[in-house]
Structures are given as structure tokens and as C-alpha cells.
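What follows is one structure encoded as C-alpha cells, with my remarks underneath.
In what follows, residues are counted from 1 in the order of the sequence shown.
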Amino acid sequence: MTRQPHIETPGGTVTDNLAAQLPSTSGDAEAAAEVVRRIWAEVLEVSADSVDVHHSDFFEMGGYSLLALQAIGRILAEYGVDEVEAVEWEGELLNRLFENATPMTQAEFLAEKGCGTPSAANATHA
């Protein structure tokens with residue numbers, strides 16, 4: 001018996017062919033992770049190559065709360081997020097950073113919001 005793809009949703013689990021047709025945000029998260037990696041490197045004054053999107057910890061790399069706010073501000077500016085939306089996003093990004101301080105955690109939030117490459121985000125959120 002072939003197992004159908006499934007996606008967990010607040011309303012239950014989608015287990016039919018619809019799940020296979022739903023868009024994946026993994027590509028967006030990967031693109032966003034590269035943006036986060038670059039900005040963290042700038043803010044932390046390290047090489048971008050030294051920032052691993054899955055394992056690097058912002059605070060272990062020398063970051064602290066004010067630098068976190070600076071990095072988040074740059075990320076939101078990169079994506080052209082408007083001021084009103086930026087207030088909500090900043091709080092969520094900061095909370096996620098304190099829970100799991102990796103670039104991918106930040107990127108996954110951005111992907112949830114429909115961001116991937118900054119050029120696409122500027123067209124959407126400008």
C-alpha cells in the first residue's frame with residue numbers, strides 16, 4: 001500500500017493528493033537563510049562562511065540583544081517590510097531568536113510570511 005503525503009494543519013491532517021499539490025516553503029526558507037547569514041555576518045563582523053544556517057548560534061558567535069535588534073531591523077529592511085508590519089515581525093523574530101538562535105529559525109519565519117529572496121519580498125511587502 002502506498003502511503004499518501006500528508007500535512008498537519010490546525011483543522012486536522014490533509015492526506016490526499018491535495019497535500020502533494022500544496023506549495024512548499026523550503027526553497028523560500030533556504031533563500032531567506034542566506035539573507036540572514038549575510039546580515040548576521042555583517043552585524044557580528046565575521047565571515048559569512050563562518051555562519052552555518054542550521055547550527056550557528058547568534059549569541060555563541062558574540063551576539064547580544066542590541067545586535068539582535070540591529071540584525072532583525074536589517075533583515076526587515078532587506079525585505080521591504082512596512083513599519084506597521086515590522087513591529088509585529090520584529091517581536092516574533094526576536095522571540096524565535098531567543099528560543100533557537102540559528103539563521104534557519106529566522107528564515108523559517110520569513111518563509112512563513114512569504115519571503116524568500118529579497119527582490120520577491122520587496123515586490124510583495126513594499
TODO: Determine the minimum heavy-atom distance between Ser47 and Ala41, stating which atoms define it.
DONE: C-CB, 4.0 Å
Open item on the list: Tell me the closest heavy-atom pair linking Met104 and Ala33, and the distance in Å.
Closed with: CE-CB, 3.8 Å
Open item on the list: Checking Glu78 against Arg74 for the salt bridge (Lys or Arg N to Asp or Glu O under 4.0 Å) test, could you report, in this order, the C-alpha distance in whole Å, the side-chain angles of both residues, the deciding distance, and whether it holds?
Closed with: CA-CA 6 Å; Glu78 182 89 11; Arg74 288 185 187 188; over 6 Å; no
- [ ] Quick one: do Leu69 and Glu90 satisfy side chain to side chain contact (heavy atoms under 4.5 Å, CB included)? Show the steps, please.
- [x] CA-CA 8 Å; Leu69 289 171; Glu90 183 179 76; 4.2 Å; yes
Task: Joint hydrophobic cluster, Val81 plus Val84, side-chain heavy atoms closer than 4.5 Å - done: no
TODO: Compute the centroid of each ring, for Trp89 and then for Tyr79, and state whether the two points are separated by less than 6.0 Å.
DONE: no
Task: From Gln70 atom CD to Leu66 atom CG, the distance as rounded to the nearest 0.5 Å - done: 9.0 Å
Open item on the list: Thr105: which residues meet the side-chain hydrogen bond (donor to acceptor under 3.5 Å, both in side chains) condition with it, sequence neighbours left out?
Closed with: Asn100, Thr102
Open item on the list: Please determine whether a side-chain nitrogen of the Lys or Arg among Glu88 and Lys113 lies less than 4.0 Å from a carboxylate oxygen of the Asp or Glu.
Closed with: yes
Open item on the list: Is there a path of hydrophobic side-chain contacts, each under 4.5 Å between heavy atoms of I/L/V/M/F/W/Y residues, joining Phe98 to Leu93?
Closed with: yes
Open item on the list: Let me check something: do Leu76 and Val35 share a hydrophobic cluster, defined by ILVMFWY side-chain heavy atoms less than 4.5 Å apart, either directly or through other members?
Closed with: yes
Open item on the list: Do Leu110 and Ile75 make a side-chain contact, defined as non-hydrogen atoms from C-beta onward lying under 4.5 Å apart?
Closed with: yes
Open item on the list: Quick check for you: to the nearest 0.5 Å, what is the distance between Phe109 atom CZ and Ile72 atom CD1?
Closed with: 9.5 Å
Task: Check: Arg96 side chain, Gln106 main-chain N or O, donor-acceptor pair, under 3.5 Å - done: no
Could you list the donor-acceptor pairs under 3.5 angstrom formed between side-chain atoms of residues 53-63 and any protein atom two or more places apart in sequence or on another chain?
unit_1, atom_1, unit_2, atom_2, d
Ser56, OG, Asp52, N, 2.6
Ser56, OG, Asp52, O, 3.3
Asp57, OD1, Phe59, N, 2.8
Asp57, OD1, Glu60, N, 2.9

- [ ] For residues Ala107 and Val36, report the shortest heavy-atom separation together with the two atoms involved.
- [x] N-CG2, 4.3 Å
Task: Co-membership, hydrophobic cluster, residues Val43 and Val51, 4.5 Å side-chain - done: yes
Open item on the list: If the threshold is 4.0 Å, N to carboxylate O, is there a salt bridge linking Arg38 and Glu42?
Closed with: yes
